[in-house]
Amino acid sequence: MITDQLAQVLQTAMESARTHGDLPAGTDTAIPIRLETPPDKRFGDYSTNIALALKRSTGISDGRVIASVLCKHIPAQHDLLEKVEVAGPGFINLFLKPFWLHNALFTIEQEGVCYGRTSARKGERILLEFVSANPTGPISVVNGRAAALGDVLANLLAAQGCEVQREFYVNDALNSSQIEKFALTVQARYLQLMGHPLIMPDGRLEPGAPAAHECEPVEFPQNGYPGEYVTDIARAILQETKGRYYQILLQQAAGEEPQNPQDKQEQEAFFRSATLQHMVLAQRNALEAFGVTYQTWFYESSLYENGEVEKTIACLTDRGYTYPQEDALWLRSTEFGDSKDRVLVRSNEKATYIAADAAYHANKFERGFTSLIDILGADHHGYVARLKASVAALGLPVEQLNVILTQMVSLMRDGEAVIGGKRKGVVLELKEDLIDDIGRDAARFYFLLNSYETPATVDVELAKRQTNENPVFYVQYAHARLCNILRRAEEMQVAVPTAREASLNLLQHTREIDVLRKLTDYPGEITLAADRIAPHRLTRFAMDLAGLLNLFYENCRVLPSQEAPQPVELTQARLVLVNGARIVLANLLGLLGISAPERMERQENL
RNA sequence: GCCUUCGUAGCUCAGAGGAUAGAGCAACCGCCUUCUAAGCGGUUGGUCGCAGGUUCGAUUCCUGCCGGAGGCACCA
């Protein structure tokens with residue numbers, strides 16, 4: 001990295017200044033030298049505040065004095081440095097020789113789709129769990145944010161050399177009453193599809209589907225799940241079973257006991273698992289439509305079936321971190337920083353969610369992952385201490401568990417807040433209400449525009465209406481333009497030379513330099529975005545780069561025209577730049593999971 | 001009440017111990033005989049919630065206050 005080389009230059013200068021007595025002997029030469037990209041390019045290619053940081057240990061109060069001394073000890077003739085300046089309160093601004101920018105084009109050409117990737121974090125095995133929506137409803141618009149964040153974070157980590165596995169945790173435990181309630185709702189809808197009117201909790205009557213004969217009304221379950229998707233599932237099950245469970249459901253609805261209790265059991269089990277299967281499948285389809293695929297779908301129920309929940313509870317007890325109280329078994333989570341102890345096993349002998357989740361995280365570690373990332377909604381923040389406490393109580397490396405809380409997403413529709421969640425039946429579906437309208441690319445970009453740490457407001461109507469103003473098109477358009485130039489060059493039979501063949505030193509225009517500088521920044525930006533868990537930096541970078549490319553496009557003609565002939569060497573050098581920029585933009589969009597179109601139709605009447 | 005988090009341009013949000021605080025959208029004025037105008041140039045827009053503190057330097061860190069959101073289950 002160029003910054004390492006520059007830091008070395010400054011380090012040497014600092015030591016030299018001290019040895020020569022230009023800086024006091026007490027000067028702290030071990031101080032880390034930070035190089036940053038200045039806010040304004042007039043301040044050079046890189047700058048450092050090292051002189052200001054040395055004020056304390058040198059006892060010199062004027063930063064400019066220290067900076068001047070350091071500059072004196074930087075060799076006047078240097079391979080990399082064009083000039084060095086002292087500025088402001090004592091910044092040292094470094095101006096690099098132009099060729100270092102051109103080097104980026106060699107690297108890009110050489111690395112192609114790998115430009116921006118490193119193997120710096122090779123050896124890390126990361127399990128990234130995200131979305132994990134309850135299997136009682138579709139993937140919502142709110143889930144979309146976590147889906148986009150998790151998917152791109154996984155891409156970013158992989159680009160740093162990590163081995164990343166995406167996982168979805170299906171909360172399908174049998175002792176979960178929500179699954180049961182959900183299955184009952186599906187059953188009611190099933191009967192409705194067979195022709196039975198439904199008596200809703202508020203007393204209203206919902207008509208049944210047209211049927212050949214009169215059908216008795218049946219009751220919609222108390223606190224059942226509203227929403228059309230429930231009927232969709234009932235319809236699918238109805239088609240599969242061809243009415244097989246109709247009679248027994250009818251008996252049940254009428255409060256009659258079936259002749260054969262086994263039939264009833266079988267029916268209940270069937271509906272539970274069929275319902276679950278359909279719901280999970282629907283979730284999976286919605287996520288795939290969003291471009292998110294998981295390596296593993298981990299079922300909570302498997303932890304019970306394999307006895308892992310039991311094993312985990314036993315382990316916690318062996319380690320002395322549980323105690324019985326009031327017929328329940330408690331975890332001493334306060335010993336690990338939780339605000340209160342938590343119930344592991346209820347007085348009805350069923351394990352709690354935390355017991356299963358502890359087993360789940362133990363399972364993750366057992367699978368050999370070096371670190372775990374959970375992406376949860378901010379409404380879970382009270383839960384994190386408990387989870388970490390349970391992991392710590394198991395003797396597992398809790399510091400390797402990174403819980404990311406995404407701030408809430410509130411939904412708006414035409415400026416009005418959409419209140420309530422799935423239970424109110426107004427869930428906005430990721431696929432139907434967003435992707436189908438604005439497309440996957442725009443939806444992904446939209447979610448990744450902001451940091452997950454900021455609460456987001458998604459106005460679905462606005463998002464749809466502003467499709468043509470979504471910055472994603474700005475970025476994609478820049479890519480399409482570059483492709484167009486390359487396509488035209490081919491038509492004109494102008495070959496794109498290799499970086500070596502081209503006279504890159506002709507790239508002197510300020511717009512060319514700006515683009516080159518940005519291309520050079522790209523790998524560092526990827527690392528930063530990965531390390532800080534900040535995928536939104538990528539969308540910002542993409543907009544910046546696209547903006548610079550448009551400026552380049554306006555000011556630097558690549559292909560000669562009749563009115564503006566130009567030397568073939570310049571055309572060739574610019575073609576190399578265009579091709580390099582195209583590669584970087586495509587790589588960037590690739591990380592974002594957004595397509596990089598080679599052509600975009602111009603639309604009128606926008 | 002306690003805990004977490006957010007408060008930056010009209011709107012949505014970046015930034016993060018440093019140099020003149022940025023972008024997109026919105027508004028207004030210009031630019032298509034052009035490698036695609038989904039573009040470019042220009043204009044308007046800010047006491048970085050308030051008050052202290054630390055620092056050579058704070059919008060950024062600390063404390064308090066005000067305001068918004070969320071969490072404080074033998075729910076998942």
Side-chain angles (χ1 to χ4, degrees), chain A residues 36 38-40 42-43 47 49 52-53 55-56 61-63 87-91 93 132 134 136 171-173 175-179 300 325-330 339-340 342-354 356-357 377-385 405 407-408 410 446 449-451 453-459 462 466-478 480-489 491-492 534 536-537 539-540 543-544 546-547 549-551 553-561 563-564 571 574-575 578 599-604 606:
Chain A
E36 46 194 38
D40 192 312
R42 290 196 328 252
F43 300 142
S47 75
N49 64 348
L52 296 160
K55 277 186 181 184
R56 189 180 291 273
S61 62
D62 188 349
F91 292 103
N93 294 338
S132 300
N134 282 334
T136 52
N171 298 137
D172 67 330
N175 56 1
S176 139
S177 54
Q178 56 167 2
I179 301 270
E300 183 185 2
Q325 187 181 307
E326 292 168 4
D327 296 333
L329 187 70
W330 293 71
S339 56
K340 57 193 275 193
R342 307 290 172 173
V343 171
L344 276 178
V345 182
R346 289 174 269 221
S347 47
N348 65 8
E349 294 186 356
K350 287 184 175 180
T352 57
Y353 186 77
I354 181 66
D357 216 14
D379 52 342
H380 285 74
H381 103 256
Y383 179 75
V384 177
L405 292 177
Q407 284 303 309
M408 303 304 285
S410 49
Y446 192 81
L449 226 31
N450 304 134
S451 153
E453 290 170 298
T454 329
T457 311
V458 176
D459 189 318
L462 207 65
Q466 291 188 336
T467 292
N468 290 316
E469 283 141 18
N470 190 313
V472 73
F473 295 101
Y474 184 78
V475 175
Q476 290 181 319
Y477 183 60
R481 269 182 155 175
L482 297 178
C483 291
N484 198 48
I485 294 175
L486 294 170
R487 200 159 44 232
R488 287 293 296 264
E491 284 166 18
M492 293 167 72
H536 70 279
R537 295 188 73 103
T539 52
R540 303 272 159 179
M543 284 190 280
D544 288 349
L549 285 168
N550 281 325
L551 288 173
Y553 185 89
E554 294 292 327
N555 291 286
C556 306
R557 223 192 136 80
V558 177
L559 300 173
S561 67
E563 303 86 58
T571 294
R574 285 182 171 165
L575 280 172
V578 164
R599 232 182 255 274
M600 281 173 87
E601 297 308 316
R602 179 177 165 184
Q603 282 176 22
E604 303 297 337
L606 286 176

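Because the structure is predicted, anything quoted here is derived from the model rather than measured. Numbers restart at 1 for each chain; the letters A, B, ... are given by sequence-line order, proteins then strands.
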Whether A/Tyr477 stacks on the six-membered ring of B/G39 base, 5.5 Å and 30° limits: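 Base of B/G39: not stacked against A/Tyr477.
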Base of B/G18 and ring of A/Phe91 stacked, centres under 5.5 Å, planes under 30°: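 Stack criterion not met.
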Determine the contact category for [X]: base if any of its heavy atoms lies under 4.0 Å from a base atom, sugar-phosphate if only primed atoms, P, OP1 or OP2 are that close, otherwise nothing.
X	result
A/Cys556	base
A/Arg557	base
A/Arg487	nothing
A/Ala480	base

d(CG, A/Leu482; P, B/A38) in whole Å: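 It is 15 Å, rounded to the nearest whole Å.
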Length of the CG-C1' vector between A/Asn555 and B/C35, whole Å: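 Those two atoms, CG and C1', are 14 Å apart.
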N or O in side chain of [X] less than 4.0 angstrom from [N] OP1/OP2:
X	N	value
A/Arg346	B/A76	yes
A/Asn550	B/C40	yes
A/Arg574	B/C35	no
A/Tyr474	B/C40	yes

Salt bridge (charged side-chain N to carboxylate O under 4.0 Å, His left out) involving A/Glu36 - partner list, sequence neighbours excluded: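 With sequence neighbours excluded, A/Glu36 shows a salt bridge (charged side-chain N to carboxylate O under 4.0 Å, His left out) to A/Arg34, given in chain and number order.
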Residues forming a salt bridge (charged side-chain N to carboxylate O under 4.0 Å, His left out) with A/Asp327, sequence neighbours excluded: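 In terms of salt bridge (charged side-chain N to carboxylate O under 4.0 Å, His left out), with neighbours along the sequence ignored, A/Asp327 is linked to no residue.
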Shortest side-chain distance from A/Pro38, nucleotide among B/A19, B/C74, B/A76: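 Looking only at side-chain atoms, A/Pro38 lies closest to B/A19.
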Side-chain-base donor-acceptor pair under 3.5 Å for A/Ser47 and B/A19: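 Indeed, a donor on one side and an acceptor on the other fall under 3.5 Å apart.
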Side-chain donor/acceptor contact of A/Thr352 with base of B/C74 under 3.5 Å: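 Under the 3.5 Å cut-off, the side chain and the base do not form any donor-acceptor pair.
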C1'-based separation of B/G17 from B/C48 [nearest Å]: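 So the two C1' atoms sit 15 Å from each other.
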Dot-bracket pairing map - RNA chain B, Watson-Crick plus G-U, both contacts under 3.5 Å, | cross-strand: (((((((..((((....[...)))).(((((.......))))).....(((((..]....))))))))))))....
Partners meeting side-chain contact (heavy atoms from CB on, under 4.5 Å) with A/Pro471 (sequence neighbours left out):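 Counting only residues at least two positions away or on another chain, A/Pro471 forms a side-chain contact (heavy atoms from CB on, under 4.5 Å) with A/Phe445, A/Leu449, A/Met543.
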A/Asn555 (side chain) donor-acceptor with A/Leu551 (main chain) under 3.5 angstrom: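 Yes: the side chain of A/Asn555 pairs with the backbone of A/Leu551.
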Sidechain-backbone polar pair: A/Asn93 side chain, A/Ser47 backbone, donor-acceptor under 3.5 Å: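 The answer is no, because no donor-acceptor pair under 3.5 Å joins these two groups.
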Do any N or O atoms of the protein come closer than 3.5 Å to N or O atoms of nucleotides 69-72 of chain B, and which pairs are they?
{"unit_1": "B/G70", "atom_1": "N2", "unit_2": "A/His381", "atom_2": "NE2", "d": "3.2"}

Show me the protein contacts with nucleotides 54-56 of chain B, counting only N or O atoms at under 3.5 Å.
{"unit_1": "B/C56", "atom_1": "O2", "unit_2": "A/Lys55", "atom_2": "NZ", "d": "3.0"}

Chi-angle category of B/C32 [syn within 90° of 0, anti beyond]: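 With its glycosidic angle within 90° of zero, B/C32 counts as syn.
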